[in-house]
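Structure first, commentary second.
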There are 2 protein chains.
Amino acid sequence: MKTLNELSNELKKKNIRLTHQRLKILEYLYNAKTHPTVEEIYSALKKEVPSLSKTTIYNTLNYLSELNIIKSLIIDENEARFDGVTDNHGHFKCSKCGKIYDFDINMDALAADRLDNFEINEKTVYFKGICSGCLSKI
Amino acid sequence: MKTLNELSNELKKKNIRLTHQRLKILEYLYNAKTHPTVEEIYSALKKEVPSLSKTTIYNTLNYLSELNIIKSLIIDENEARFDGVTDNHGHFKCSKCGKIYDFDINMDALAADRLDNFEINEKTVYFKGICSGCLSKI
DNA sequence: TATTATATTGTAATCATTACAAAGAAAAAA
DNA sequence: TTTTTTCTTTGTAATGATTACAATATAATA
Ligand SMILES: [Mn+2]
Ligand SMILES: [Mn+2]
Ligand SMILES: [Zn+2]
Ligand SMILES: [Zn+2]
(Lines give C-alpha, C1' and ligand atoms only; values in the text may rest on other atoms or scores of the structure.)
(Ligands and ions follow the chains in the order given, each with its own letter.)
Protein backbone atom coordinates (compact mmCIF):
# COMPACT_ATOMS: atom_id res chain seq x y z
CA MET A 1 0.00 0.00 0.00
CA LYS A 2 2.02 2.93 -1.26
CA THR A 3 0.91 6.47 -0.58
CA LEU A 4 0.77 9.20 -3.17
CA ASN A 5 3.69 10.83 -1.41
CA GLU A 6 5.92 7.80 -1.69
CA LEU A 7 5.02 7.48 -5.35
CA SER A 8 5.86 11.14 -5.93
CA ASN A 9 9.32 10.69 -4.48
CA GLU A 10 9.94 7.60 -6.56
CA LEU A 11 9.11 9.41 -9.77
CA LYS A 12 11.05 12.52 -8.83
CA LYS A 13 14.14 10.43 -8.20
CA LYS A 14 13.88 9.06 -11.70
CA ASN A 15 13.25 12.46 -13.27
CA ILE A 16 9.81 11.55 -14.48
CA ARG A 17 7.52 14.51 -14.68
CA LEU A 18 5.00 14.35 -11.90
CA THR A 19 1.41 14.66 -13.01
CA HIS A 20 -1.82 14.07 -11.23
CA GLN A 21 -2.85 11.43 -13.76
CA ARG A 22 0.38 9.48 -13.52
CA LEU A 23 0.24 9.40 -9.77
CA LYS A 24 -3.37 8.27 -9.74
CA ILE A 25 -2.75 5.53 -12.27
CA LEU A 26 0.29 4.29 -10.40
CA GLU A 27 -1.48 4.49 -7.07
CA TYR A 28 -4.30 2.38 -8.45
CA LEU A 29 -1.92 -0.15 -9.97
CA TYR A 30 0.12 -0.55 -6.80
CA ASN A 31 -2.81 -0.86 -4.47
CA ALA A 32 -5.35 -2.82 -6.48
CA LYS A 33 -2.97 -5.67 -7.34
CA THR A 34 -5.51 -7.12 -9.75
CA HIS A 35 -3.30 -6.81 -12.83
CA PRO A 36 -5.90 -4.46 -14.29
CA THR A 37 -6.69 -3.77 -17.91
CA VAL A 38 -6.79 -0.23 -19.30
CA GLU A 39 -10.56 -0.40 -19.15
CA GLU A 40 -10.52 -1.34 -15.49
CA ILE A 41 -8.20 1.52 -14.59
CA TYR A 42 -10.31 3.91 -16.61
CA SER A 43 -13.59 2.92 -14.93
CA ALA A 44 -12.03 3.02 -11.49
CA LEU A 45 -10.46 6.47 -11.82
CA LYS A 46 -13.11 8.21 -13.90
CA LYS A 47 -15.02 9.41 -10.83
CA GLU A 48 -12.00 10.87 -9.08
CA VAL A 49 -10.41 12.29 -12.23
CA PRO A 50 -13.32 13.09 -14.55
CA SER A 51 -11.14 14.57 -17.27
CA LEU A 52 -9.10 11.38 -17.54
CA SER A 53 -8.65 10.09 -21.05
CA LYS A 54 -7.97 6.52 -22.11
CA THR A 55 -5.18 7.79 -24.30
CA THR A 56 -3.46 9.09 -21.20
CA ILE A 57 -3.75 5.71 -19.55
CA TYR A 58 -2.20 4.06 -22.59
CA ASN A 59 0.53 6.68 -22.79
CA THR A 60 1.32 6.44 -19.11
CA LEU A 61 1.37 2.67 -18.95
CA ASN A 62 3.50 2.36 -22.06
CA TYR A 63 5.91 4.99 -20.87
CA LEU A 64 6.34 3.49 -17.42
CA SER A 65 6.73 0.02 -18.94
CA GLU A 66 9.59 1.20 -21.10
CA LEU A 67 11.26 2.59 -18.01
CA ASN A 68 10.69 -0.73 -16.20
CA ILE A 69 8.71 0.93 -13.45
CA ILE A 70 5.77 -1.34 -14.21
CA LYS A 71 5.34 -4.44 -16.37
CA SER A 72 2.83 -5.29 -19.06
CA LEU A 73 1.42 -8.78 -19.31
CA ILE A 74 -0.22 -10.50 -22.23
CA ILE A 75 -1.97 -13.65 -21.17
CA ASP A 76 -4.98 -13.54 -23.42
CA GLU A 77 -5.54 -11.91 -26.77
CA ASN A 78 -7.00 -8.41 -26.62
CA GLU A 79 -6.39 -8.01 -22.97
CA ALA A 80 -3.17 -6.24 -22.07
CA ARG A 81 -2.75 -6.16 -18.34
CA PHE A 82 -0.39 -4.27 -16.08
CA ASP A 83 1.55 -5.13 -12.97
CA GLY A 84 3.17 -2.82 -10.45
CA VAL A 85 5.42 -5.63 -9.29
CA THR A 86 8.47 -5.77 -11.54
CA ASP A 87 10.33 -8.64 -9.86
CA ASN A 88 9.98 -11.54 -12.22
CA HIS A 89 7.24 -13.93 -11.13
CA GLY A 90 4.71 -16.31 -12.63
CA HIS A 91 1.01 -15.72 -13.24
CA PHE A 92 -1.97 -18.00 -13.03
CA LYS A 93 -5.19 -17.03 -14.73
CA CYS A 94 -8.40 -18.72 -13.68
CA SER A 95 -10.58 -19.58 -16.66
CA LYS A 96 -13.70 -19.41 -14.50
CA CYS A 97 -13.45 -16.13 -12.58
CA GLY A 98 -10.76 -14.48 -14.67
CA LYS A 99 -8.70 -13.57 -11.62
CA ILE A 100 -4.93 -13.49 -12.00
CA TYR A 101 -2.75 -14.87 -9.21
CA ASP A 102 0.96 -14.34 -8.68
CA PHE A 103 3.32 -17.13 -7.82
CA ASP A 104 7.04 -17.34 -7.19
CA ILE A 105 9.16 -19.35 -9.51
CA ASN A 106 12.88 -19.73 -9.92
CA MET A 107 13.45 -18.32 -13.39
CA ASP A 108 17.18 -19.01 -13.23
CA ALA A 109 16.44 -22.73 -13.15
CA LEU A 110 14.60 -22.33 -16.45
CA ALA A 111 17.16 -23.06 -19.09
CA ALA A 112 17.48 -24.84 -22.40
CA ASP A 113 20.56 -26.31 -24.04
CA ARG A 114 19.30 -25.29 -27.43
CA LEU A 115 19.57 -21.63 -26.42
CA ASP A 116 23.20 -21.81 -25.32
CA ASN A 117 24.43 -19.05 -27.59
CA PHE A 118 21.35 -16.90 -27.23
CA GLU A 119 21.07 -13.74 -25.19
CA ILE A 120 18.00 -14.14 -22.99
CA ASN A 121 16.57 -10.85 -21.75
CA GLU A 122 13.14 -11.81 -20.54
CA LYS A 123 11.46 -14.93 -19.25
CA THR A 124 7.71 -15.31 -19.06
CA VAL A 125 5.79 -18.08 -17.33
CA TYR A 126 2.06 -18.35 -16.94
CA PHE A 127 -0.45 -21.06 -16.21
CA LYS A 128 -4.13 -21.38 -16.88
CA GLY A 129 -6.68 -23.46 -15.08
CA ILE A 130 -9.21 -23.16 -12.27
CA CYS A 131 -8.42 -21.49 -8.97
CA SER A 132 -9.09 -23.05 -5.58
CA GLY A 133 -11.89 -20.60 -4.91
CA CYS A 134 -13.79 -21.61 -8.03
CA LEU A 135 -13.07 -25.29 -7.46
CA SER A 136 -14.60 -25.19 -3.99
CA LYS A 137 -17.81 -23.69 -5.36
CA ILE A 138 -18.54 -26.67 -7.54
CA MET B 1 7.32 -32.88 -43.70
CA LYS B 2 3.82 -34.27 -43.88
CA THR B 3 2.18 -34.91 -47.22
CA LEU B 4 -1.34 -33.86 -48.09
CA ASN B 5 -2.30 -37.52 -48.01
CA GLU B 6 -1.11 -38.06 -44.48
CA LEU B 7 -2.97 -34.95 -43.40
CA SER B 8 -6.15 -36.18 -45.08
CA ASN B 9 -6.05 -39.40 -43.17
CA GLU B 10 -5.46 -37.62 -39.90
CA LEU B 11 -8.51 -35.43 -40.36
CA LYS B 12 -10.70 -38.28 -41.57
CA LYS B 13 -9.87 -40.29 -38.48
CA LYS B 14 -11.08 -37.43 -36.34
CA ASN B 15 -14.23 -36.90 -38.40
CA ILE B 16 -13.23 -33.45 -39.48
CA ARG B 17 -14.66 -32.50 -42.84
CA LEU B 18 -11.94 -32.52 -45.41
CA THR B 19 -11.66 -29.36 -47.43
CA HIS B 20 -9.04 -28.11 -49.81
CA GLN B 21 -8.50 -25.00 -47.68
CA ARG B 22 -8.06 -26.87 -44.43
CA LEU B 23 -5.55 -29.22 -45.96
CA LYS B 24 -3.55 -26.40 -47.49
CA ILE B 25 -3.48 -24.42 -44.27
CA LEU B 26 -2.43 -27.45 -42.24
CA GLU B 27 0.15 -28.44 -44.82
CA TYR B 28 1.66 -24.99 -44.64
CA LEU B 29 1.66 -24.94 -40.86
CA TYR B 30 3.27 -28.37 -40.55
CA ASN B 31 5.95 -27.77 -43.11
CA ALA B 32 6.87 -24.12 -42.63
CA LYS B 33 7.52 -24.44 -38.89
CA THR B 34 7.82 -20.67 -38.57
CA HIS B 35 4.90 -20.28 -36.16
CA PRO B 36 3.21 -18.16 -38.79
CA THR B 37 0.67 -15.40 -38.33
CA VAL B 38 -2.63 -15.39 -40.20
CA GLU B 39 -1.18 -12.78 -42.53
CA GLU B 40 1.81 -14.98 -43.32
CA ILE B 41 -0.37 -17.98 -44.12
CA TYR B 42 -2.62 -15.82 -46.24
CA SER B 43 0.21 -14.35 -48.32
CA ALA B 44 1.84 -17.73 -48.77
CA LEU B 45 -1.27 -19.56 -49.95
CA LYS B 46 -2.93 -16.81 -51.96
CA LYS B 47 -1.15 -17.82 -55.18
CA GLU B 48 -2.06 -21.50 -54.93
CA VAL B 49 -5.58 -20.92 -53.64
CA PRO B 50 -6.65 -17.57 -55.09
CA SER B 51 -10.15 -17.71 -53.65
CA LEU B 52 -8.79 -18.10 -50.12
CA SER B 53 -10.29 -15.76 -47.58
CA LYS B 54 -8.72 -14.57 -44.36
CA THR B 55 -11.92 -15.41 -42.57
CA THR B 56 -11.42 -19.02 -43.57
CA ILE B 57 -7.93 -18.99 -42.14
CA TYR B 58 -9.22 -17.61 -38.86
CA ASN B 59 -12.08 -20.10 -38.80
CA THR B 60 -9.83 -23.01 -39.59
CA LEU B 61 -7.12 -22.14 -37.11
CA ASN B 62 -9.60 -21.48 -34.32
CA TYR B 63 -11.48 -24.69 -35.04
CA LEU B 64 -8.36 -26.83 -35.12
CA SER B 65 -7.05 -25.16 -31.96
CA GLU B 66 -10.21 -26.07 -30.08
CA LEU B 67 -9.74 -29.66 -31.17
CA ASN B 68 -6.10 -29.53 -30.04
CA ILE B 69 -4.83 -30.40 -33.49
CA ILE B 70 -2.78 -27.22 -33.51
CA LYS B 71 -1.88 -24.63 -30.88
CA SER B 72 -2.17 -20.88 -30.84
CA LEU B 73 0.56 -18.75 -29.31
CA ILE B 74 0.44 -15.21 -28.07
CA ILE B 75 3.88 -13.83 -27.50
CA ASP B 76 3.40 -10.26 -28.59
CA GLU B 77 0.30 -8.12 -28.69
CA ASN B 78 -1.55 -8.13 -31.98
CA GLU B 79 0.27 -11.11 -33.30
CA ALA B 80 -1.45 -14.43 -32.81
CA ARG B 81 0.76 -17.23 -34.07
CA PHE B 82 0.10 -20.87 -34.73
CA ASP B 83 2.03 -24.04 -34.14
CA GLY B 84 1.52 -27.47 -35.66
CA VAL B 85 3.44 -29.04 -32.81
CA THR B 86 1.09 -29.64 -29.91
CA ASP B 87 3.53 -31.23 -27.48
CA ASN B 88 4.14 -28.63 -24.82
CA HIS B 89 7.42 -26.80 -25.39
CA GLY B 90 8.96 -23.39 -24.83
CA HIS B 91 9.40 -20.57 -27.32
CA PHE B 92 12.11 -18.00 -27.78
CA LYS B 93 11.41 -14.90 -29.81
CA CYS B 94 14.34 -12.90 -31.16
CA SER B 95 13.76 -9.17 -30.78
CA LYS B 96 16.06 -8.48 -33.72
CA CYS B 97 14.92 -10.81 -36.50
CA GLY B 98 11.55 -11.77 -35.05
CA LYS B 99 12.18 -15.46 -35.56
CA ILE B 100 10.61 -17.85 -33.07
CA TYR B 101 12.61 -20.84 -31.88
CA ASP B 102 11.36 -23.95 -30.08
CA PHE B 103 13.07 -25.38 -27.06
CA ASP B 104 12.38 -28.33 -24.80
CA ILE B 105 11.59 -27.73 -21.21
CA ASN B 106 10.32 -29.93 -18.42
CA MET B 107 6.95 -28.40 -17.65
CA ASP B 108 6.28 -30.93 -14.89
CA ALA B 109 9.15 -29.47 -12.91
CA LEU B 110 7.42 -26.09 -13.03
CA ALA B 111 5.38 -25.92 -9.88
CA ALA B 112 4.43 -23.44 -7.19
CA ASP B 113 3.40 -24.08 -3.61
CA ARG B 114 0.95 -21.26 -3.76
CA LEU B 115 -1.04 -23.12 -6.40
CA ASP B 116 -1.42 -26.32 -4.41
CA ASN B 117 -5.20 -26.41 -4.57
CA PHE B 118 -5.46 -25.10 -8.10
CA GLU B 119 -6.28 -27.13 -11.17
CA ILE B 120 -3.58 -26.33 -13.73
CA ASN B 121 -4.61 -27.07 -17.30
CA GLU B 122 -2.04 -25.23 -19.34
CA LYS B 123 1.52 -24.05 -18.84
CA THR B 124 3.18 -21.49 -21.06
CA VAL B 125 6.83 -20.53 -21.12
CA TYR B 126 8.51 -18.12 -23.44
CA PHE B 127 11.70 -16.13 -23.54
CA LYS B 128 12.72 -13.03 -25.41
CA GLY B 129 16.18 -11.87 -26.37
CA ILE B 130 18.60 -12.04 -29.27
CA CYS B 131 19.27 -15.24 -31.16
CA SER B 132 22.75 -16.58 -31.90
CA GLY B 133 22.39 -15.74 -35.57
CA CYS B 134 21.73 -12.08 -34.88
CA LEU B 135 24.43 -11.95 -32.19
CA SER B 136 27.07 -13.20 -34.61
CA LYS B 137 26.20 -10.48 -37.11
CA ILE B 138 27.10 -7.68 -34.72
C1' DT C 1 5.50 35.38 -12.69
C1' DA C 2 6.99 34.25 -17.35
C1' DT C 3 8.93 30.89 -20.22
C1' DT C 4 9.70 26.44 -21.94
C1' DA C 5 9.20 21.73 -22.28
C1' DT C 6 6.25 18.04 -21.77
C1' DA C 7 1.68 15.78 -20.82
C1' DT C 8 -3.24 15.40 -21.48
C1' DT C 9 -7.23 15.25 -24.12
C1' DG C 10 -10.74 14.22 -27.80
C1' DT C 11 -11.13 12.67 -32.16
C1' DA C 12 -9.96 10.12 -36.01
C1' DA C 13 -7.28 6.39 -37.91
C1' DT C 14 -5.47 1.75 -37.84
C1' DC C 15 -5.27 -3.07 -37.39
C1' DA C 16 -6.52 -7.67 -35.96
C1' DT C 17 -10.36 -10.33 -35.25
C1' DT C 18 -15.29 -11.69 -35.41
C1' DA C 19 -20.26 -11.63 -37.08
C1' DC C 20 -23.23 -12.55 -40.64
C1' DA C 21 -25.66 -14.25 -44.66
C1' DA C 22 -25.31 -15.85 -49.35
C1' DA C 23 -23.02 -19.08 -52.29
C1' DG C 24 -20.32 -23.21 -52.69
C1' DA C 25 -18.55 -27.82 -51.64
C1' DA C 26 -18.28 -32.26 -49.09
C1' DA C 27 -20.61 -36.12 -47.15
C1' DA C 28 -24.63 -39.00 -46.86
C1' DA C 29 -28.71 -40.86 -48.86
C1' DA C 30 -31.20 -42.47 -52.61
C1' DT D 1 -24.55 -41.28 -60.26
C1' DT D 2 -27.83 -38.01 -58.73
C1' DT D 3 -30.09 -35.83 -55.05
C1' DT D 4 -30.31 -34.07 -50.60
C1' DT D 5 -28.44 -32.48 -46.48
C1' DT D 6 -25.08 -30.47 -43.74
C1' DC D 7 -21.19 -27.92 -43.13
C1' DT D 8 -17.65 -24.62 -45.06
C1' DT D 9 -16.07 -20.74 -47.53
C1' DT D 10 -16.31 -16.12 -48.87
C1' DG D 11 -16.84 -11.00 -48.96
C1' DT D 12 -18.37 -7.40 -46.45
C1' DA D 13 -19.50 -5.06 -42.48
C1' DA D 14 -18.98 -4.60 -37.52
C1' DT D 15 -16.27 -4.62 -33.36
C1' DG D 16 -12.79 -3.54 -30.09
C1' DA D 17 -8.25 -2.45 -28.64
C1' DT D 18 -4.58 0.48 -29.56
C1' DT D 19 -2.19 4.40 -31.72
C1' DA D 20 -1.61 8.97 -34.31
C1' DC D 21 -2.30 13.64 -34.18
C1' DA D 22 -2.86 18.42 -33.06
C1' DA D 23 -4.80 21.66 -29.89
C1' DT D 24 -4.90 22.74 -25.14
C1' DA D 25 -3.31 22.41 -20.48
C1' DT D 26 0.06 21.74 -16.97
C1' DA D 27 4.60 20.96 -14.61
C1' DA D 28 9.22 22.35 -14.13
C1' DT D 29 12.52 26.00 -14.42
C1' DA D 30 14.35 30.50 -14.36
MN1 LIG E 1 1.94 -10.15 -10.96
MN1 LIG F 1 6.69 -24.25 -31.34
ZN1 LIG G 1 -11.42 -18.66 -10.17
ZN1 LIG H 1 17.55 -13.13 -34.46
Side-chain angles (χ1 to χ4, degrees), chain A residues 4-5 7-28 35-43 45-67 69-70 72-82 98, chain B residues 4-5 7-28 35-43 45-67 69-70 72-82 98:
Chain A
L4 267 185
N5 244 331
L7 291 171
S8 298
N9 291 332
E10 248 183 77
L11 295 192
K12 267 184 197 158
K13 255 185 238 160
K14 300 192 182 182
N15 276 322
I16 296 164
R17 190 170 286 204
L18 237 153
T19 69
H20 187 53
Q21 290 85 342
R22 281 179 182 170
L23 288 172
K24 279 299 183 184
I25 292 169
L26 265 179
E27 185 190 35
Y28 183 80
H35 307 88
T37 61
V38 166
E39 191 60 44
E40 188 179 330
I41 297 172
Y42 182 71
S43 309
L45 296 182
K46 194 67 185 169
K47 300 149 209 160
E48 265 188 290
V49 191
S51 78
L52 187 64
S53 151
K54 262 186 204 173
T55 303
T56 297
I57 301 179
Y58 279 106
N59 287 342
T60 300
L61 295 172
N62 289 340
Y63 180 54
L64 297 176
S65 293
E66 278 163 23
L67 297 171
I69 290 168
I70 64 174
S72 78
L73 311 176
I74 300 159
I75 296 187
D76 280 316
E77 191 80 49
N78 298 332
E79 193 181 68
R81 290 173 168 272
F82 296 87
Chain B
L4 267 187
N5 246 331
L7 290 172
S8 298
N9 291 332
E10 249 183 77
L11 295 193
K12 267 184 197 159
K13 255 186 235 159
K14 302 192 181 184
N15 277 322
I16 295 165
R17 193 172 284 202
L18 238 154
T19 70
H20 187 51
Q21 290 86 342
R22 282 180 180 167
L23 289 172
K24 280 298 182 184
I25 292 169
L26 265 180
E27 184 190 36
Y28 183 81
H35 307 87
T37 61
V38 166
E39 191 59 44
E40 187 179 331
I41 297 172
Y42 182 72
S43 309
L45 296 181
K46 194 66 186 168
K47 299 147 208 158
E48 265 187 289
V49 190
S51 79
L52 187 64
S53 151
K54 261 185 205 174
T55 303
T56 298
I57 301 178
Y58 279 106
N59 288 342
T60 300
L61 295 172
N62 288 341
Y63 180 54
L64 297 176
S65 292
E66 279 163 22
L67 297 171
I69 290 169
I70 65 175
S72 78
L73 312 177
I74 300 161
I75 296 186
D76 279 317
E77 190 81 46
N78 297 332
E79 192 180 69
R81 289 173 168 273
F82 295 87

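Scope of the values below: all heavy atoms of this structure, side chains included, with no hydrogens, waters or symmetry mates. Keep in mind the model is a prediction, meaning the values are calculated, not measured.
- Taking a 4.0 Å limit (strictly below) on heavy-atom distances, residues 50-58 of chain B reaches DNA chain D at B:Ser51, B:Leu52, B:Ser53, B:Thr55, B:Thr56.
- Counting only residues at least two apart or on different chains, the side-chain hydrogen bond (donor to acceptor under 3.5 Å, both in side chains) pairs with a member in residues 47-59 of chain B are B:Lys24-B:Glu48, B:Glu39-B:Lys54.
- Looking only at side-chain heavy atoms (C-beta outward), B:Thr60 and B:Thr19 stay at 4.5 Å or farther from each other.
- For B:Glu10, the salt bridge (Lys or Arg N to Asp or Glu O under 4.0 Å) partners are B:Lys2, not counting sequence neighbours.
- Rounded to 10 degrees, the angle separating the terminal axes of the helix from C:dT1-D:dA30 to C:dA30-D:dT1 is 30°, with each axis obtained from five end pairs.
- Taking B:Asp76 as the reference, B:Lys93, B:Lys128 meet the side-chain hydrogen bond (donor to acceptor under 3.5 Å, both in side chains) condition, with sequence neighbours excluded.
- One can place CG of A:Leu11 at 16 Å from P of C:dT6, the figure rounded to the nearest angstrom.
- Here the CD1-CD1 distance, from B:Ile25 to B:Ile57, works out to 5.0 Å after rounding to the nearest 0.5 Å.
- Residue pairs meeting the salt bridge (Lys or Arg N to Asp or Glu O under 4.0 Å) criterion with at least one partner in residues 11-20 of chain B, sequence neighbours excluded, do not occur; the list is empty.
- Between B:Ile41 atom CD1 and C:dA16 atom C1' there is a gap of 14 Å when expressed in whole angstrom units.
- Sequence order on DNA chain D of the closest nucleotides to B:Asn59 and B:Asn78 puts B:Asn59 first from the 5' end.
- Residues forming a side chain to side chain contact (heavy atoms under 4.5 Å, CB included) with A:Leu67 (at least two apart in sequence, or on another chain): A:Ile16, A:Tyr63, A:Ile69.
- To the nearest angstrom, P of C:dT17 lies 15 Å from OH of B:Tyr42.
- With sequence neighbours left out, A:Ile74 forms a side chain to side chain contact (heavy atoms under 4.5 Å, CB included) with B:Ile74, B:Glu77.
- Under the salt bridge (Lys or Arg N to Asp or Glu O under 4.0 Å) criterion, A:Arg22 pairs with no residue at all, not counting sequence neighbours.
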N/O contacts under 3.5 Å, protein versus nucleotides 27-30 of chain C?
| from | atom 1 | to | atom 2 | distance (Å) |
| --- | --- | --- | --- | --- |
| C:dA27 | OP1 | B:Leu18 | N | 3.3 |

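- Nucleotides of DNA chain D that come within less than 4.0 Å of any heavy atom of chain B span, from the 5' end to the 3' end, D:dT6 to D:dT18.
- Between B:Leu45 and B:Ile41 the shortest side-chain heavy-atom distance falls below 4.5 Å.
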A:Leu11/A:Leu26 under side chain to side chain contact (heavy atoms under 4.5 Å, CB included): CA gap, chis, key distance, verdict
CA-CA 10 Å; A:Leu11 295 192; A:Leu26 265 179; 3.8 Å; yes
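- Between the CG atom of A:Asp76 and the P atom of C:dT17 there is a distance of 13 Å, given to the nearest Å.
- When all heavy atoms of A:Glu79 and A:Thr37 are compared, the pair lying nearest together is CG-CG2, 3.9 Å.
- Taking the salt bridge (Lys or Arg N to Asp or Glu O under 4.0 Å) definition, one finds that A:Lys46 meets it with nothing, sequence neighbours left out.
- B:Glu77 comes within 4.0 angstrom of sugar-phosphate atoms only, judged by non-hydrogen atoms across all strands, and of no base.
- At distances below 3.5 Å, at least one donor-acceptor pair connects side-chain atoms of B:Arg81 with backbone N or O atoms of B:His35.
- Atom CG of A:Asn62 is separated from atom C1' of C:dT6 by 17 Å (rounded to the nearest Å).
- The separation between B:Gln21 atom CD and C:dA26 atom P is 8 Å, rounded to whole Å.
- Counting to the nearest Å, the C1' atom of C:dA25 and the NZ atom of B:Lys24 are 17 Å from each other.
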